[in-house]
Amino acid sequence: MTLDDLRVFVAVCRAGSLSAVARDMGCTQSAVSQHVKRLERETGVALLERQPRGVVPTQAGRVLEAAAAEGISGLDLAVRQLRDLVAGASGYVRVATGATTVRHFMSDAVVAFRQRHPEVNLEFRTVSSGRGSFDALADGTLDLAWITLGPPVRGIEQRPVVELPWVLAVRSDDPLAERPYADAADVRDVRLIRLPPNSASAAHLDAACAESGVRFAHDTSVADWDTALLLAELGVGRAIVPALPGLPVPGAGTLRLIPLPGLRPLPVGWAVRRWDALSPPARAFADLVVEMRRQG
C-alpha cells in the first residue's frame, strides 16, 4: 500500500462516494477504486460496503480510516514544519553555553536573531564542560556549543570565532593597578583566584603560563569568569581572565584590567557535529554570532 492509497481511502470514507472523490481528483472512478482494492488486497479484508447511495466503511474500514487519517494529519503537519525549517521560518536552535557566554558573546546576536526569526525557539543550556558539550552534540541533544577551542575531537567540527587576550584583574588600590600592561616577570608567583580547574580555559591558561615560565598559587576557586572578576573587584584576590567582550582594557572604576600580552590568547568559537547538517535557523544563529563578534 502507498500513502496515496491511504489518502484516497480516507477521502472516500469521508465523501461516501467513489465518483465524488474521482471528480475532486480529476481522475476516473476506476482509478479511485484501484486504490481501495490495493488496500483490501494488502489487508485481506473488505474495507468498503456498497449501498444504494454510495459506500460506507466496514468495521475493518473504520479502523483503517481512523489510523490513516491520524497518520496522514501528522505527516502533513511534519511536512509543513520541515518546509518552514528549510525556509528558516520556524524550528528550534539549541545552544550549549557556559555561565557567561550569552552575556558576553551573544547578547546582541540574540536580539538581532529574535527580530529576524520571531518564530524560531532559542534554547540555551548550561553545560559544565567541553566533554559534556561534545556528548550532547554527538547524540543530537544540542545543535551548537560555544566552547574554548582545543585539540580535535572525533565526530565534532570546531570553528574559531575570536581570540581573547588575557588580562590581570585587580582592585584600583593594588600595587599593579596603574601599569599599562604586565609581563611574565610582573606576575610570577602571584596568588590568583583560580578559574574552574577542569575547564578548557584553565588548562589553556596553565599551558600559556608554562610557555612563559610562570607559575601561580591559588587560594580561591570560582565556577566562571564573571565571579572571578567580582571577587577581584571586592579585593578578595587577583584574577587572570580573558578580555571578555564589553569589558574595557585597561579597566576603570574600582576594577582594573591590565593586559598580559605575553600570554598566548584564548581561542573560542563554535563546535557542531557537522556544519553541513545544521538546520537553516541554527546556521543563521551561528553566523550571526560570528558577524556580531567580528564587528565588535
Side-chain angles (χ1 to χ4, degrees), residues 93-114 116 122 124-134 136-137 142-153 156-169 181-182 195-196 199-209 211-212 222-229 232 239-252 255 257-275 278 281-296:
V93 179
R94 301 161 301 172
V95 185
T97 69
T100 61
T101 300
V102 175
R103 174 184 295 276
H104 292 294
F105 296 100
M106 300 181 186
S107 56
D108 48 0
V110 169
V111 173
F113 185 84
R114 175 56 58 232
R116 299 179 191 181
L122 280 173
F124 295 99
R125 304 181 190 178
T126 299
V127 180
S128 59
S129 68
R131 183 70 263 169
S133 296
F134 298 147
L137 291 171
L142 294 171
D143 303 303
L144 300 158
W146 184 264
I147 65 166
T148 297
L149 302 181
V153 177
I156 299 295
E157 296 182 26
Q158 301 181 51
R159 183 165 294 183
V161 176
V162 65
E163 288 193 336
L164 304 174
W166 294 97
V167 294
L168 177 66
Y181 66 90
L195 298 180
S199 67
S201 58
H204 182 97
L205 176 60
D206 289 343
C209 290
E211 293 170 3
S212 300
V222 296
D224 58 76
W225 300 330
D226 278 348
T227 304
L229 288 167
I240 294 181
V241 297
L244 302 171
L247 293 180
V249 180
L255 185 67
L257 302 174
I258 305 164
L260 295 166
L263 297 182
R264 177 163 45 89
L266 181 73
V268 296
W270 286 121
V272 302
R273 185 168 55 178
R274 280 178 47 200
W275 283 102
L278 279 178
R283 181 180 292 276
F285 182 73
D287 290 343
L288 190 56
V289 170
V290 173
E291 176 188 340
M292 294 291 187
R293 288 280 52 82
R294 290 177 177 169
Q295 288 178 356

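Residue numbers count from 1 along this sequence. Quick note: numbers below take in every heavy atom, side chains included, and nothing from hydrogens, waters or symmetry partners. Predicted model only: the values in this text are computed from it and were never measured.
- For the atom pair CZ of Phe113 and CE of Met292, the computed distance is 11.5 Å after rounding to the nearest 0.5 Å.
- Residues Arg159 and Val290 have side chains not in contact (no heavy-atom distance under 4.5 Å, counting atoms from C-beta outward).
- Listed for the Trp146 side chain is no donor-acceptor partner under 3.5 Å among the backbone atoms of Thr101.
- When the side chain to side chain contact (heavy atoms under 4.5 Å, CB included) test is applied to Val153, the partners found at least two apart in sequence or on another chain are Arg131, Phe134, Ile156, Gln158.
- Atom CG in Asp226 sits 3.5 Å away from atom NE2 in His104 (nearest 0.5 Å).
- Across all non-hydrogen atoms, the minimal contact from Trp225 to Val241 is O-CG1, 4.4 Å.
- The side chain to side chain contact (heavy atoms under 4.5 Å, CB included) test applied to Ser107 returns no partner, not counting sequence neighbours.
- In this structure Arg94 satisfies the salt bridge (charged side-chain N to carboxylate O under 4.0 Å, His left out) test together with Asp143, sequence neighbours excluded.
- Arg283 contributes a side-chain N or O that, together with a main-chain N or O of Trp275, makes up a donor-acceptor pair within less than 3.5 Å.
- Within 6.0 Å of CZ on Phe124 lie more than 12 heavy atoms contributed by other residues, nucleotides or ligands.
- Between Ala169 and Leu255 the shortest heavy-atom distance is CB-CD1, 4.1 Å.
- Distance check: Trp270 CH2 to Leu278 CG gives 10.0 Å after rounding to the nearest 0.5 Å.
- Residues Ile258 and Ala182 approach most closely at CG2-N, 3.7 Å, considering heavy atoms.
- Annotation: the span from Ile240 atom CD1 to Ser201 atom OG amounts to 12.0 Å, rounded to 0.5 Å.
- Remark: Pro165 engages Ala243 in a side chain to side chain contact (heavy atoms under 4.5 Å, CB included) (not counting sequence neighbours).
- Smallest separation of non-hydrogen atoms from Pro265 and Glu163: CB-CB, 4.0 Å.
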Determine, stepwise, if the pair Val161 / Val268 fulfils side chain to side chain contact (heavy atoms under 4.5 Å, CB included).
CA-CA 6 Å; Val161 176; Val268 296; 5.7 Å; no

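- Evaluation of the side chain to side chain contact (heavy atoms under 4.5 Å, CB included) rule for Ala145 yields Ala96, Ser133, Leu137, Ile147, Ala271 as partners, not counting sequence neighbours.
- Annotation: the span from Leu144 atom CG to Met106 atom CE amounts to 8.0 Å, rounded to 0.5 Å.
- When the side chain to side chain donor-acceptor pair (under 3.5 Å) test is applied to Thr148, no partner is found at least two apart in sequence or on another chain.
- Qualifying salt bridge (charged side-chain N to carboxylate O under 4.0 Å, His left out) partners for Glu211, counting only residues two or more places apart in sequence or in other chains: Arg264.
- Within the model, atoms CG of Leu263 and NE2 of His204 stand 8.5 Å from one another, a figure rounded to the nearest 0.5 Å.
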